[in-house]
Amino acid sequence: MKPTEQNRRTFLAQMALLTGTLALPDILMAAVPKSKYKIAVIDLMILKRQKISALPLAKEIGADGLELDMGGLGNRETFDNKLADPKILQEYLEKAKELNLEFCALAMTGFYAQSFATRPTYQKMIQDCLDTAKAMNIKVAFLPLGVQGDLVKNPELRTPIVERLKVAGKMASKAGVVIGIETSLDARGELQLLKEIGSRNVKSYFNFSNAVKNGRDLSEELRILGRKNIIQIHATNEDGVWLQHDPKIDLIKVKQTLDEMGWSGWLVVERSRDAAQPTNVKYNFSANTSYLKSVFQAR
């Protein structure tokens, strides 16, 4: 065999090997859960709402990322958002890069207590959140409909909420952000609500506790909603015991369900704090983060 022919065949073999290596992560995606699921905590719930010290604490807890809050709402026209200050925002971005942390979502938790259906400046609130998300390259905004927007107890609010979420969806589309809503509805009810809204930029931010406290099967609820309709998951129950001790949540089964659905994304620790030590942040959130990782990121 001539040297040139040998070189050509060697080159082709090397290119084939390189191409195969580059394709390997996609081929093995289903076999490497760590590339599919990431675990985050919430700055508000680790008692660091809009404090940059939430980042090193999240790292110490063992999380892959952080859900940031937009700040309090009260009777203001919009959120008390410190991240609107470019200097503070830049500090967050630099610290996150230093610690190798990601921001998985920007939360409008002020709507847990305030009414999304009736607040006159809701568009300003949504826009402020979207502007901050865009500046920080955050792709998900969390919007809970909360107590005053409970569509089970207040069905008469459905029309104004749907209309406002249609507007919010258009705003989110322009910003390249998806708004994840949390409702009190079951999966079928939430799926119908999403159909009425009719926006690719408004999806379900699924919460384990909503299903569990109402006696619904977690896996069945996830299947009903479907992979394309769930943007992120608050993967904890109400307080009382850690996830690993919670008889109402079978995480192995949940993971199997999500694997079968082909879903991937962020699992965010919200509660599931030990009733004996509810304010011990490291104790509670490290335990839940570690357990979620042991299930969802195990090789």
Side-chain angles (χ1 to χ4, degrees), residues 67 70 73 78-79 105-130 133-134 138-234 257-258 261-266 268 270:
E67 178 178 299
M70 277 290 289
L73 188 50
T78 190
F79 302 97
L106 191 59
M108 295 177 275
T109 58
F111 282 117
Y112 271 124
Q114 302 296 322
S115 176
F116 178 72
T118 61
R119 289 295 290 256
T121 59
Y122 83 96
Q123 289 189 51
K124 178 174 175 54
M125 298 168 190
I126 294 290
Q127 192 61 59
D128 286 351
C129 179
L130 295 174
K134 191 171 181 179
I138 297 173
K139 299 301 182 182
V140 176
F142 170 51
L143 172 59
L145 295 186
V147 177
Q148 294 194 47
D150 187 326
L151 291 174
V152 174
K153 296 179 179 178
N154 306 294
E156 71 279 2
L157 295 177
R158 190 179 189 95
T159 296
I161 284 176
V162 167
E163 291 306 310
R164 288 185 172 210
L165 286 173
K166 285 181 178 180
V167 173
K170 291 177 181 177
M171 296 167 67
S173 178
K174 291 179 181 178
V177 174
V178 173
I179 295 175
I181 60 171
E182 180 184 292
T183 78
S184 57
L185 300 168
D186 63 13
R188 294 189 191 283
E190 194 156 290
L191 188 60
Q192 179 58 40
L193 182 70
L194 293 176
K195 288 179 180 178
E196 290 174 28
I197 297 163
S199 171
R200 294 181 180 180
N201 292 79
V202 178
K203 297 182 183 294
S204 171
Y205 197 133
F206 188 83
N207 193 321
F208 282 180
S209 67
N210 181 44
V212 172
K213 71 182 180 183
N214 288 291
R216 298 191 284 265
D217 182 85
L218 269 179
S219 292
E220 183 63 18
E221 292 284 284
L222 290 166
R223 287 194 185 94
I224 290 170
L225 274 169
R227 175 176 61 86
K228 293 182 180 180
N229 295 310
I230 301 170
I231 188 62
Q232 269 177 199
I233 296 174
H234 279 139
T257 299
L258 292 173
M261 290 168 56
W263 188 88
S264 62
W266 287 92
V268 184
E270 187 179 36

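Residues take their numbers from the sequence shown, with the count starting at 1. Nothing here was measured: the structure is a model prediction, and the numbers come from that model.
Shown here for Phe208 and Ile233, the closest heavy-atom pair between the two residues is CE2-CG2, 3.6 Å. Across all their heavy atoms, Ser184 and Leu151 have their closest contact at OG-N, 3.6 Å. Of all the heavy atoms in Phe79 and Phe111, the pair that sits closest is CZ-CE1, 3.8 Å.
Scored by the salt bridge (Lys or Arg N to Asp or Glu O under 4.0 Å) test, Asp128 finds Lys124 as partners (sequence neighbours excluded).
Side-chain atoms of Asp217 come within 3.5 Å of backbone N or O of Glu220 as a donor-acceptor pair. Judged by distance alone, with hydrogens and angles left aside, the side-chain atoms of Asn201 form a donor-acceptor pair with the main-chain N or O of Val177 at under 3.5 Å. Looking only at distances, a side-chain donor or acceptor of Gln148 sits under 3.5 Å from a matching main-chain atom of Ala113.
Atom CG of Leu185 is separated from atom CG of Leu193 by 6.0 Å, given to the nearest 0.5 angstrom. One distance of note links CD1 of Ile179 with CD1 of Ile126; it measures 4.5 Å at 0.5 Å rounding.
Residues in residues 152-176 take part in these salt bridge (charged side-chain N to carboxylate O under 4.0 Å, His left out) pairs, two or more places apart or across chains: Arg158-Glu196, Glu163-Lys166.
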Let me have the donor-acceptor pairs involving side chains of residues 222-230, under 3.5 Å, with sequence neighbours excluded, atom names and distances please.
residue, atom, partner, partner atom, Å
Arg227, NE, Met261, O, 3.4
Asn229, ND2, Leu225, O, 2.7

- Task: Check step by step if side-chain hydrogen bond (donor to acceptor under 3.5 Å, both in side chains) holds for Asn210 and Glu182.
- Result: CA-CA 9 Å; Asn210 181 44; Glu182 180 184 292; over 6 Å; no
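Annotation for Arg216: atom CZ counts as buried by contact number, over 12 foreign heavy atoms lying within 6.0 Å.
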